[in-house]
Amino acid sequence: MSLGEFDLIERFFWRPAGVGPHRAVVGNGDDCAVIAPTPGMQLAVSTDTLVEGRHFLSTVDPARLGHKALAVNLSDLAACGARPVAFTLALTLPRVDEAWLAGFASGLLALADAHECELIGGDTTAGPLAIGITVMGEVPAGQALLRSRAQAGDDLWVSGTPGEARLALEAFRGSLRPPLSGEAFEAVRARMECPTPRVALGLAVQGLAHAAIDVSDGLLGDLGHILRRSRVGAAVFVDALPVSPWLAGRPRDEQLDCVLAGGDDYELLLAVPPEHRARMAALSGELGLPLTRIGRLEAEPGLRLWTGALDAGAGAPAPQPMPHRWASFDHFKS
């Protein structure tokens, strides 16, 4: 006999005492959860929904899907500089598949435990496969990283190597010429299906960065949100962009498409005053995470792309403007 709704919750998502984090005053199993923020902290709250066929393929490993469903939400907390506390899960299932649920729950809860983020409630229902998560984190009062606080003169930094998830997607679509090797495909597939939320980086740049955003819909598109909210412009130097080893041998246009407009990377894009360059370089080593300076913010509105050196010295060729032809992902636009 198939499991019922409440049996499903108890078997796969109930955490007994001593298993996983338990910070809620009232956790999973009541009409509402009750949480008490740490004194001096504010709550940061974010929601994301993943829908089969739109955000993930039907062939994805359920453990990786569970990981990604929480990771994309933790990435929002990272962009806010918040420490994860708790989350709720709304899970819509076409049927009860116990093996699938066991894998999904293992991936979800392993990442939750790694970040001490407690599952405190949610909902299950029947329908096309969709996963909705609301995550809550804590940030010192008044210190949240926001899109609206960037300033002209700030350096632009990006973490990691954006573009790998888009490369994996194009491999799935069969559009790559030449195709990826088996090793390259598995590496970039892991980046698409199992991203790493940069929570430690978000916490570390409190007091350094003026503004931040996670790269979910494409680097240039997400940068545009900072520019609009902060009312500044930007110069991005494409030759300064970090390029993944798996992208390095690909055609240049393909590299730029993936890095500038790929999305699904969940790296952080940061606006940091130039006096913190040495600290950012040191932070890269401390976290074991590439942090690359790719441009600067400017008073003149608009986004400008340049080829050439970001810091061209005397006698070096002057940077040249480059046409901007990239658009970010949008659920409701062609």
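Note that the structure is a prediction, hence the values are computed from the model and not measured.
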Derivation of the side chain to side chain contact (heavy atoms under 4.5 Å, CB included) call for M280 and V272: CA-CA 9 Å; M280 291 295 290; V272 182; 4.1 Å; yes
Return all side-chain donor-acceptor pairs below 3.5 angstrom for residues 179-189, not counting sequence neighbours, or 'none' if the list is empty.
from : atom 1 : to   : atom 2 : distance (Å)
S181 : OG     : A184 : N      : 3.2
R189 : NE     : E193 : OE1    : 3.3
R189 : NE     : E193 : OE2    : 3.0

Nearest 0.5 Å, what's the CD-CG distance between E267 and D222? 12.0 Å
Does a side-chain heavy-atom distance below 4.5 Å link I133 with D48? no
Can you establish whether the number of heavy atoms outside R83 located under 6.0 Å from its atom CZ is more than 12? no
Do NZ/NE/NH1/NH2 and the carboxylate oxygens of R296 and D154 come within less than 4.0 Å? no
Between V158 and L291, is the side chain to side chain contact (heavy atoms under 4.5 Å, CB included) condition met? List the steps. CA-CA 6 Å; V158 69; L291 298 176; over 6 Å; no
I want to check something: taking the side chain as every heavy atom from C-beta on, are W246 and L167 in contact at a cut-off of under 4.5 Å? yes
Would you say V135 and L77 make side-chain contact, with heavy atoms under 4.5 Å? yes
Is the number of heavy atoms from other residues, nucleotides or ligands within 6.0 Å of CD (E10) greater than 12? no
Do any N or O atoms from the side chain of T134 and from the backbone of T88 form a donor-acceptor pair under 3.5 angstrom? no
Scan I120, L74, L108 and name whichever one has a side-chain contact (heavy atoms from CB on, under 4.5 Å) with F87. L108
E254/R177 ion pair, N-O < 4.0 Å: no
So, the side chain of D217 versus the backbone of G263: is there a donor-acceptor pair under 3.5 Å, distance only? no
Residue pair F56, M192: steps toward the side chain to side chain contact (heavy atoms under 4.5 Å, CB included) verdict: CA-CA 9 Å; F56 60 90; M192 180 179 80; over 6 Å; no
Between F237 and G308, which heavy-atom pair has the shortest distance, and what is it? CD2-O, 3.9 Å
Contact list for residues 199-213, test salt bridge (Lys or Arg N to Asp or Glu O under 4.0 Å), sequence neighbours left out: none
Validation row: L91, F13 side chains within 4.5 angstrom (heavy atoms): yes
Under 4.5 Å between any side-chain heavy atoms of P273 and Q151, yes or no? no
Just one of I294, L247, T292 clears the side-chain contact (heavy atoms from CB on, under 4.5 Å) bar with L241, so which one? I294
Within the side chain of D30, is there an N or O that forms a donor-acceptor pair under 3.5 Å with the backbone of V26? no
Answer with yes or no whether the side chains of S244 and T161 bring together a donor and an acceptor at under 3.5 Å. no
Sidechain N-carboxylate O distance under 4.0 Å for R191, D264: no
Give the C-alpha distance, both sets of side-chain angles, the deciding distance and a yes or no for salt bridge (Lys or Arg N to Asp or Glu O under 4.0 Å) between R325 and D257. CA-CA 9 Å; R325 60 176 177 81; D257 288 346; 3.0 Å; yes
Any carboxylate oxygen within less than 4.0 angstrom of a Lys/Arg side-chain nitrogen, looking at E116 and R23? no
Sub-3.5 Å donor-acceptor pair from the side chain of R149 to the main-chain atoms of A144, do we have one? yes
Rounded at 0.5 Å granularity, tell me how far OG1 in T59 sits from CD in E52. 9.0 Å
Taken to the nearest 0.5 Å, the spacing of L203 CG from R198 CZ works out to 13.5 Å
Counting N and O atoms only, with roles assigned by atom type, does the side chain of H67 sit under 3.5 Å from a partner on the main chain of P195, one being a donor and the other an acceptor? yes
Enclosure of R231 CZ (heavy-atom neighbours >12, cutoff 6.0 Å): no
Hey, is the main chain of G103 close enough, under 3.5 Å, to the side chain of S106 for a donor-acceptor pair? yes
In Å, rounded to the nearest 0.5 Å, how long is the span from OG1 of T196 to CG of D265? 11.5 Å
To the closest 0.5 Å, what do you measure between CG (L219) and CG (L223)? 6.5 Å
Are there over 12 heavy-atom neighbours, none belonging to R252, within less than 6.0 Å of that residue's CZ? yes
Does atom CZ (R304) have a neighbourhood of more than 12 heavy atoms from anything else shown, all under 6.0 Å? yes
Would you say D97's side chain and A99's backbone share a donor-acceptor pair under 3.5 angstrom? yes
Any side-chain heavy-atom pair of V238 and M322 under 4.5 Å: yes
The reported gap from OG1 in T49 to CD1 in I131 (rounded to nearest 0.5 angstrom) is 9.5 Å
Nearest heavy-atom contact between P197 and A71 is CB-O, 3.7 Å
Hey, are the side chains of R250 and P178 touching, using non-hydrogen atoms and a 4.5 Å cut-off? yes
Does some side-chain heavy atom of L8 sit less than 4.5 Å from a side-chain heavy atom of L93? yes
Determine, step by step, whether T307 and Q320 satisfy the side chain to side chain donor-acceptor pair (under 3.5 Å) criterion, reporting the C-alpha distance in whole Å, the side-chain angles of both residues, the deciding distance to 0.1 Å, and the verdict. CA-CA 5 Å; T307 61; Q320 297 297 313; over 6 Å; no
Steps toward side chain to side chain contact (heavy atoms under 4.5 Å, CB included) verdict (V205, L268): CA-CA 11 Å; V205 296; L268 294 189; 5.7 Å; no
Will you find, in the side chains of T38 and E138, an N or O donor that is under 3.5 Å from an N or O acceptor? yes
I'd like to know if the side chain of Q255 and the backbone of A248 have a donor-acceptor N/O pair within less than 3.5 Å. yes
